[in-house]
Amino acid sequence: VPRIGPGGAGRTSEDAVWRDAIQLAINAPSVRNVQPWRFRLRRGVLELHLAPEASADAGDAALRTVTVSCGVVLHHLRVALRAAGETPVVELVRDPGPSALLAIVRLGEARVPTSEDRRLAGGIVSRHTQRAPFDARRLRGEFLDRLAVAAADEGGFLDVLRGARRDAVCRLLTGEDLLLARQAPALAVLSGAGDGVREQLEAGQALSAVVLEAAAEGCAVGFLDAPLRDPTARARLASFISRGETPMVLLRIGHAEPVPREPRRRLDEVLDVRESRGHPVPTHPGAQP
Ligand SMILES: Cc1cc2nc3c(=O)[nH]c(=O)nc-3n(C[C@H](O)[C@H](O)[C@H](O)COP(=O)(O)O)c2cc1C
């Protein structure tokens with residue numbers, strides 16, 4: 001069914017839906033803010049690609065977090081589309097080849113956004129990565145359980161570390177990371193069901209679900225990546241989480257005052273819109289920040 005928007009013909013209004021949703025989604029966090037995502041819109045079908053320059057020189061550990069970051073933006077996009085009254089239908093590519101096509105997104109039935117959809121989309125705007133210590137407010141167990149459920153719903157695992165396991169993970173850290181980990185109200189490992197590209201994308205979507213749920217509750221998340229870059233520490237970390245999953249990121253979670261947003265690429269730097277015959281269409285200027 002064509003979507004008839006205020007602008008007239010169906011395709012134009014649908015393009016505006018995509019642009020608005022992508023514009024919101026690209027506020028997603030990514031490792032070192034590299035924003036390794038590129039989108040191609042072809043006649044109502046959106047492709048998510050890994051930016052070639054983001055993967056060119058990356059080692060395994062770096063490539064893992066780059067792919068996880070693409071999973072994060074994919075989940076942000078789903079949240080943005082749902083809040084706009086759309087039903088995103090996502091297909092993760094089974095075996096991404098050299099083209100680095102990771103996922104395909106289509107629009108299903110239009111729907112009425114729920115308050116929950118809008119609450120999560122609000123988290124996209126309010127979220128930031130916490131780099132400083134958290135303030136003294138504690139976190140409720142019920143809230144941490146909700147974060148774990150949010151991760152599980154996306155095919156990831158959030159393991160909140162307590163007692164001896166938390167102490168053991170802290171022993172993998174040094175310097176400022178150790179101080180930040182010790183003072184955090186919660187320390188958690190987010191892991192995936194495996195270490196293929198598909199599982200990394202799923203873990204990224206789970207990570208997004210966690211950071212948005214946290215942001216919607218006025219909480220922030222910080223990252224401690226040292227144990228994930230070092231193979232020995234990484235193996236130790238894997239041994240502390242229960243079910244043999246692949247650890248992707250070590251997170252600290254707590255309350256903090258908002259900080260200024262890190263810059264992002266413009267929409268036209270990450271989105272390529274083409275007509276069926278391959279002519280580029282200029283990105284809508286009104287959709288840019
Ligand atoms: C998979 C992943 C890994 C990250 N690792 C780190 C990290 O090790 N240290 C850190 O300070 N931030 C880390 N970040 C956060 C990014 O640096 C941050 O998202 C980016 O700089 C943009 O800032 P913002 O999240 O406040 O918008 C990571 C983010 C993602 C998605």
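First listed ligand is number 1; within each ligand, the first listed atom is number 1.
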- ligand 1 versus R127, non-hydrogen atoms closer than 4.0 Å: side chain, backbone, both, neither? side chain

- Does R140 come within less than 4.0 Å of D145, counting only side-chain N to carboxylate O? no

- Query: How far is atom 23 (O) of ligand 1 from its nearest protein heavy atom, and which residue and atom is that?
  - Reply: E262 CG, 3.1 Å

- Item | Lys/Arg N to Asp/Glu carboxylate O, E14 vs R43, below 4.0 Å | no

- Item | Note: R264-E269 ion pair, threshold 4.0 Å (strictly below) | no

- Message: Salt bridge or not between E47 and R38? Use side-chain N to carboxylate O under 4.0 Å.
- Response: no

- Message: List ligand 1 atoms under 4.0 Å from T65, heavy atoms only on the residue side.
- Response: 1 (C)

- Based purely on interatomic distance, does S69 place a nitrogen or oxygen under 3.5 Å from a nitrogen or oxygen of ligand 1? no

- Message: Taking the basic N atoms (NZ, or NE/NH1/NH2) and the acidic carboxylate oxygens, is any pair closer than 4.0 Å for E86 and R78?
- Response: no

- Using a strict cut-off of less than 4.0 Å between a Lys/Arg side-chain nitrogen and an Asp/Glu carboxylate oxygen, indicate whether E142 and R146 qualify as a salt bridge. yes

- Looking at atom 5 (N) of ligand 1, what's its closest protein heavy atom, distance included? F223 CB, 3.6 Å

- Nearest-neighbour protein heavy atom for atom 27 (O) of ligand 1, which is reported as residue plus atom name and distance: R264 NH2, 2.6 Å

- Task: Kindly identify the option in V72, N27, V73, T129 whose heavy atom sits closest to atom 26 (O) of ligand 1.
- Result: T129

- Query: For ligand 1, which atoms sit closer than 4.0 Å to a heavy atom of R131?
  - Reply: 11 (O), 16 (C), 17 (O), 18 (C), 20 (C), 21 (O), 23 (O)

- Item | Contact partition for P29 relative to ligand 1, non-hydrogen atoms under 4.0 Å | both

- Task: Tell me which protein heavy atom sits closest to atom 8 (O) of ligand 1, plus the residue, atom name and distance to 0.1 Å.
- Result: D225 CG, 2.8 Å

- Message: Looking at R42 and D272, is there a salt bridge between them, counting it only when a charged N and a carboxylate O are closer than 4.0 Å?
- Response: yes

- Heavy atoms only: give me the nearest V79-D117 pair and the separation to one decimal. CG1-O, 4.4 Å

- Task: Check whether any N or O atom of S30, backbone or side chain, sits under 3.5 Å from an N or O atom of ligand 1, and answer yes or no.
- Result: yes

